[in-house]
Amino acid sequence: MQTKLFIGGEFVDALGGETLPVLNPHDGSELAQIALAGRADVDRAVDAACAAADGWANTPAAERGRYLGKLADAIDAAADELARLESTDTGHPVRDSEALDVPRTAATFRYFAGMADKVEGSVIPAERGFLNYLLRGPVGVVGQIVPWNFPLMFCGWKLGPALAAGNTVVMKPSELTPLSSLRLAELMGAVGIPPGVVNIVPGLGETAGAAIAEHPDIAKVSFTGSTATGRKVVEASAGNLKRLQLELGGKGANIVFDDADLTAAVNGSAFAIFHNQGQACIAGSRLLLHERIAAEFTERFVTLAESIRIGDPLDPNTEMGPLTSALHRDRVLAYVKVALDDDAQILTGGGSPPGRADLDLGYYIAPTVVWADPASRVCREEVFGPFVTISTFHDEDEVVETANGTDYGLGGGLWTRDLSRAHRMARRLRTGMVWVNSYKRVSPASPFGGVGRSGYGREMGFEAMHEYTEPKSVWVNVDADLPPWYWR
Ligand code: NAD
């Protein structure tokens, strides 16, 4: 298990010699002591990224793509090991890590491997007599700050487009879950990605994270995390007016109309909230049910929630693991009290999995379903756990108002057999992503991001390449008269 900082192609201790324990969320045991980057380590990493910047930017695009393709192959070859490492560190059930996290990470690197030599400029009919064309070059040294909920997958989402476009990177994984990104650093070295192109510095947010956000030699920061921290990153970035890309919190509305296929909607809605223990920015955490199907849906949904197999994430039969940290488990449980104070009704869950003393040392919460007024706090604030609210609606206008009634605007879903309504609703929901008769689909080819307090900018797809390139407009006088001013 790699535990040191990855700077300039080498694994090194933190300059201050500091370390931090990484805990197993299944039982609280110590997995490793990791080197903890301080400000001086971020400086070292930025120096390494600056030193590598010209070389990487001038590496032929197709060759950059080949490195990313080799990295994708290396991830596939190490898939079992990476899946177990990710599950041990985060609590993701290993069946999820094997089927989703690891293959999606490889697929993302592969997608951007193919994208590297397809970053095209354009010719613009700006003015007669001029050839005006747009070049797209790298932004420079990019800082990437990552949360703990999908640490490996976010490496793909962030490193893939940044490297394809010719940027060099200083990445700070969450101090809670740094192990898979450090293993990825080993794989990057093994496939020959030059030293300094990617530097990985696990550290605390208020030191290493803040140092990245403030750093004068970092041209852009891509941040994924909470809205509150995103705001701090915006403030810290003001010194050198960094470009920012913010992927922040969410409060996804998941709307079920009375003509929906209820079996599909019940199953899909369970995936929408309970996958990864609800620790997903796009989680469908607000179920909005048409009043005609609300009773039947709720009964079937609660029955399903109570049947979810909870346990050791490394057991292939486990469908739901622990939350990633004790602190976060307590934060989620505090919302049970908030719900009760607002007269919500707990339909199931609300505490540790019942009758499971074997899980007492871990950070487990039973799937929690709450009947609540859509105006109450639990229906407006992000809980980020296996905690879903249910409310009812009467008609389309009412549900659009409720769905759009939070500060967030990341993902949302709807279940209906009415094609016109599906498209109409997709347009009316104020979100960056909408799923119809499905929820939480992601693809390297499809732009991912939000509006409002869910942030700005997009990961993945062609949009991501625009995030990581700087456009330059070039004017060439081919056959134009020069303007008469000062003409002698
Ligand atoms: P967080 O905001 O606490 O931390 C995110 C990252 O920022 C961590 O690496 C942390 O160390 C760092 N950080 C903390 N303080 C910092 C500071 N002052 N300056 C710079 N960096 C700092 O979030 P979290 O608890 O790790 O993750 C959960 C949040 O992330 C949720 O709100 C969730 O919705 C959001 N999230 C959003 C997306 C998305 O794509 N929109 C994806 C996943 C998670």
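The chain is numbered in sequence order, starting from 1. Just so you know, ligand 1 is whichever comes first in the structure, and atom 1 is the first atom listed for that ligand.
- Of all protein heavy atoms, the one lying nearest to atom 25 (O) of ligand 1 is W148 NE1, 3.0 Å.
- S391 places a side-chain N or O within 3.5 Å of a backbone atom of A372 that can act as its donor or acceptor partner.
- Heavy-atom proximity to S174, at under 4.0 Å, picks out these atoms of ligand 1: 9 (O).
- For atom 10 (C) of ligand 1, the nearest protein heavy atom (residue, atom name, distance) is K172 NZ, 3.8 Å.
- Looking only at distances, no side-chain donor or acceptor of K440 sits under 3.5 Å from a matching main-chain atom of I282.
- A heavy-atom separation below 4.0 Å is not found between F150 and ligand 1.
- In terms of protein heavy atoms, atom 42 (C) of ligand 1 is closest to C281 SG, 2.9 Å.
- Protein heavy atom closest to atom 37 (C) of ligand 1, with residue, atom name and distance, is L248 O, 3.0 Å.
- Side-chain N or O atoms of R286 include none that pairs as donor or acceptor with a backbone N or O of N254 at under 3.5 Å.
- Checking side-chain atoms of R183 against main-chain N and O of E86 turns up no donor-acceptor pair under 3.5 Å.
- Looking only at protein heavy atoms, the nearest one to atom 18 (N) of ligand 1 is K232 CD, 3.7 Å.
- T108 contributes no side-chain N or O that, together with a main-chain N or O of P444, makes up a donor-acceptor pair within less than 3.5 Å.
- Considering K158, E467, Q144 in turn, K158 is the only one that fulfils the side chain to side chain donor-acceptor pair (under 3.5 Å) rule with S222.
- Between T224 and ligand 1, not a single N/O pair is under 3.5 Å apart.
- Atoms of ligand 1 lying under 4.0 Å from at least one heavy atom of F448, given by number and element, are 40 (O).
- When only interatomic distances are considered, the shortest N/O to N/O separation between V146 and ligand 1 falls below 3.5 Å.
- By the 4.0 Å heavy-atom criterion, A210 is counted among the residues contacting ligand 1.
- Heavy-atom proximity to I145, at under 4.0 Å, picks out these atoms of ligand 1: 6 (C), 7 (O), 9 (O), 12 (C), 20 (C), 21 (N).
- Heavy-atom proximity to G205, at under 4.0 Å, picks out these atoms of ligand 1: 11 (O), 12 (C), 13 (N), 14 (C), 15 (N), 16 (C), 17 (C), 18 (N), 19 (N), 20 (C), 21 (N), 22 (C).
- Taking atom 23 (O) of ligand 1 as the reference point, the nearest protein heavy-atom neighbour is S226 N, 3.5 Å.
- Every residue two or more places apart in sequence or in another chain that forms a side chain to side chain donor-acceptor pair (under 3.5 Å) with D41 is listed here: R44.
- Note: no N/O pair closer than 3.5 Å links N149 and ligand 1 by distance alone.
- Between F154 and W157, the angle of the ring planes goes over 60°, which puts this pair in the perpendicular group of the 30/60° scheme.
- The distance criterion of under 3.5 Å between nitrogen or oxygen atoms is not met by W157 with respect to ligand 1.
- In this structure, F384 and W148 have perpendicular ring planes: the angle between them is above 60°, well past the 30° mark.
- Heavy-atom distances between G450 and ligand 1 stay at or above 4.0 Å for every pair.
- Checking side-chain atoms of N199 against main-chain N and O of I7 turns up no donor-acceptor pair under 3.5 Å.
- Of the possible polar contacts, one joining the Y364 side chain to the G311 backbone as a donor-acceptor pair under 3.5 Å is found.
- Nearest protein heavy-atom contact of atom 27 (O) of ligand 1 is P147 CB, 3.4 Å.
- In this structure, atom 4 (O) of ligand 1 has no protein heavy-atom contact shorter than 4.0 Å.
- Checked by atom type and distance alone, the side chain of K4 never pairs as donor or acceptor with a backbone atom of I34 at under 3.5 Å.
- Looking at E382 against ligand 1, only its side chain comes within 4.0 Å, counting heavy atoms.
- Protein heavy atom nearest atom 15 (N) of ligand 1, with residue, atom name and distance: T229 CG2, 3.3 Å.
- If you look at E459 next to ligand 1, there are no close heavy atoms at all, none under 4.0 Å.
- The distance from atom CG of N276 to atom NE2 of H92, rounded to the nearest 0.5 Å, is 3.5 Å.
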